[in-house]
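Here is the structure we will look at, set down as structure tokens.
All values below come from the heavy atoms of this structure, side chains included, with hydrogens, waters and symmetry mates left out.
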Amino acid sequence: MTKFPYLRQDFAASLVVFLVALPLCVGVAVASGVPAELGLVTGIVGGIVTGLLRGSSLQVSGPAAGLTVLVFEAVSEFGLPVLGVIVLAAGLLQLVMGALKLGRWFRAISVAVVEGMLAGIGLVIIAGQLYAAAGLKAPVSGIDKILGLPGAAVDALGSTAALASLAVGAGTIAVMTGWKKLPKKAQTVPGALAAVVLATVAARAFGLPVATVEVNGLIGSVQLPGADALGALASPAVLGTILAFTLIASAESLFSAAAVDRLHDGPRTEYDKELMAQGAGNAVCGVLGALPMTAVIVRSSANVAAGARTKASRVLHGVWLLLFAALLPWALALIPLPALAGILVHAGWKLIPFRGVVSLWRGHRGEALILVVTAVAIVTVNMFEGVLIGLALSVVKTAWVTSHVKLEVIDKGAGPIQAYLSGNATFLRLPKILDSLEALPQDRPVELDLSGLHHLDHACRTALETWAERHSAAGTEPVKLTSTGVA
């Protein structure tokens with residue numbers, strides 16, 4: 001027992017995490033357009049493979065709602081066999097980035113971009129799963145999902161089956177929302193699991209005409225990548241999707257690690273090793289043709305709250321998922337699809353940082369704008385391009401803020417006009433600098449002192465030299481430039 005001093009705490013925590021992970025693994029898989037068992041495969045790999053590796057000792061990995069939209073788009077466009085290749089390549093890329101010690105750099109990504117990404121994903125998940133809750137087929141694009149909701153509501157109101165399905169989905173959300181208000185003893189059963197069990201019992205007891213999960217069996221769902229699927233790597237669209245999977249899964253995992261570190265007093269996350277652990281897990285998931293994985297804050301926080309002390313808890317949770325998938329696959333066929341849709345709507349709602357937007361708007365309106373634009377771009381365009389737009393905006397904003405430049409003009413009425421530039425002169429501030437300089441009288445000599453600049457980019461240097469050559473009127477001394485060789 002001394003070899004495993006925390007076995008009792010870790011064993012108890014693993015059961016809690018298993019019960020939290022089970023409905024989420026199945027729900028994310030169904031929402032992603034893949035067999036339910038593949039969600040369990042990713043959960044198993046996240047527990048047993050990634051769980052054994054170094055990085056973040058209490059963080060739990062598995063299929064995440066945050067990648068649902070991207071996976072659905074990839075499966076729709078390239079097919080299920082190619083998904084395994086995409087996930088495998090993304091995992092190998094994560095391994096390389098971890099080996100190159102790039103994990104810590106993901107912490108430099110703007111929080112506004114990450115929260116905007118999660119908000120956009122949350123909106124698309126909610127819109128898409130509202131169709132699923134009614135038993136209707138959802139449009140493909142995010143904007144079509146949202147714009148089509150009024151028409152879907154009209155269709156649902158005219159169908160008894162759709163109304164019954166919606167009732168199951170709404171009941172699931174209601175149970176999950178109200179579960180936290182119950183006594184703590186009742187909350188030892190995770191709300192998502194309780195909601196699914198109650199929805200399943202209600203659907204069976206009342207004979208409701210709702211669709212249930214299709215079961216293929218664990219072995220039947222696993223597909224090793226074939227030669228045709230590997231050939232898809234020659235497609236630029238597939239390569240772009242691999243990059244999107246890698247960046248988003250890595251960012252979500254490492255941001256989750258930072259959040260988990262704030263929940264406990266144990267060893268801190270080793271970011272590069274955690275990135276390699278995620279890469280190893282995704283590589284295995286890719287070989288098995290399963291969903292991509294990330295670290296998941298819901299499971300991780302449940303793990304910490306349940307008293308986990310070491311990585312044993314997350315490994316054991318993977319073992320329990322494996323035993324369930326092997327011994328009780330028939331139980332999946334009882335779960336109503338609208339119940340899983342309700343779980344995903346609830347998860348999507350929690351991805352939208354309502355309080356974060358308000359606080360950002362009060363203190364940092366530029367960051368709030370980046371968050372909103374990123375979210376809207378993901379909904380209206382797609383996941384990958386939406387994130388790129390957010391990153392580009394973040395870079396431009398940072399460049400704008402850091403390129404502070406001050407122009408001080410001293411005119412004593414006689415002699416040369418003295419102009420002093422200080423700060424960082426970049427092309428972003430060039431119009432303002434030139435406007436001020438061109439307003440100086442041309443019939444007076446000017447001395448322009450650049451020695452106070454910390455940085456002067458090529459565009460500014462060239463523009464200032466051109467202004468100096470052209471500024472002085474005929475018969476006036478040329479502009480005198482003083483520089484200390486800033487770069």
*Test ring-ring contact (aromatic ring centres under 6.0 Å, His included) applied to Phe11 - qualifying residues, sequence neighbours left out*: Trp320
*asked:* Just to verify, what does Ala237 make a side chain to side chain contact (heavy atoms under 4.5 Å, CB included) with, not counting sequence neighbours?
replied: Glu77, Phe78, Ser235
For a quick test of your reading: what N or O donor-acceptor pairs under 3.5 Å do the side chains of residues 217-224 make, sequence neighbours left out?
unit_1: Ser221; atom_1: OG; unit_2: Glu37; atom_2: OE1; d: 3.3
unit_1: Ser221; atom_1: OG; unit_2: Gly217; atom_2: O; d: 3.0

_With Val381 via side chain to side chain contact (heavy atoms under 4.5 Å, CB included) - residues at least two apart_ = Glu385
Between side-chain atoms of residues 173-186 and protein atoms elsewhere (two or more places apart, or another chain), which donor-acceptor pairs fall under 3.5 Å?
unit_1: Thr177; atom_1: OG1; unit_2: Ile173; atom_2: O; d: 2.8
unit_1: Trp179; atom_1: NE1; unit_2: Val189; atom_2: O; d: 2.7

Tabulate below the donor-acceptor pairs under 3.5 Å that side-chain atoms of residues 59-66 make, not counting sequence neighbours, or state none.
unit_1: Gln59; atom_1: OE1; unit_2: Ser256; atom_2: OG; d: 2.9
unit_1: Gln59; atom_1: OE1; unit_2: Ala257; atom_2: N; d: 2.8
unit_1: Gln59; atom_1: NE2; unit_2: Glu274; atom_2: OE2; d: 2.9
unit_1: Ser61; atom_1: OG; unit_2: Gln278; atom_2: NE2; d: 2.8

Please output the side-chain donor-acceptor pairs of residues 115-139 that fall under 3.5 Å, not counting sequence neighbours, one pair per line with the distance.
unit_1: Tyr131; atom_1: OH; unit_2: Lys145; atom_2: O; d: 2.7
unit_1: Tyr131; atom_1: OH; unit_2: Gly148; atom_2: O; d: 3.3
unit_1: Tyr131; atom_1: OH; unit_2: Leu149; atom_2: N; d: 3.2

*Can you list the residues that meet the salt bridge (Lys or Arg N to Asp or Glu O under 4.0 Å) rule with Arg54, with sequence neighbours excluded?*
Glu270
*Partner residues of Trp349 under the ring-ring contact (aromatic ring centres under 6.0 Å, His included) criterion, sequence neighbours left out*: Phe354
*asked:* My understanding is that only residues two or more places apart in sequence, or in another chain, count here; which of them pass side chain to side chain contact (heavy atoms under 4.5 Å, CB included) with Thr380?
replied: Ile143, Val376
*Count the heavy atoms belonging to other residues, nucleotides or ligands that lie under 6.0 Å from NE2 of His264, then report whether that count exceeds 12.*
yes
*asked:* Does Asp228, at its CG atom, have more than 12 non-hydrogen atoms belonging to other residues, nucleotides or ligands within less than 6.0 Å?
replied: no
*Can you sort out the partners of Ser165 under side chain to side chain contact (heavy atoms under 4.5 Å, CB included), two or more places apart, ordered by chain and number?*
Val210, Pro338
*asked:* Among residues at least two apart in sequence or on other chains, which ones pass salt bridge (Lys or Arg N to Asp or Glu O under 4.0 Å) with Lys397?
replied: Glu367
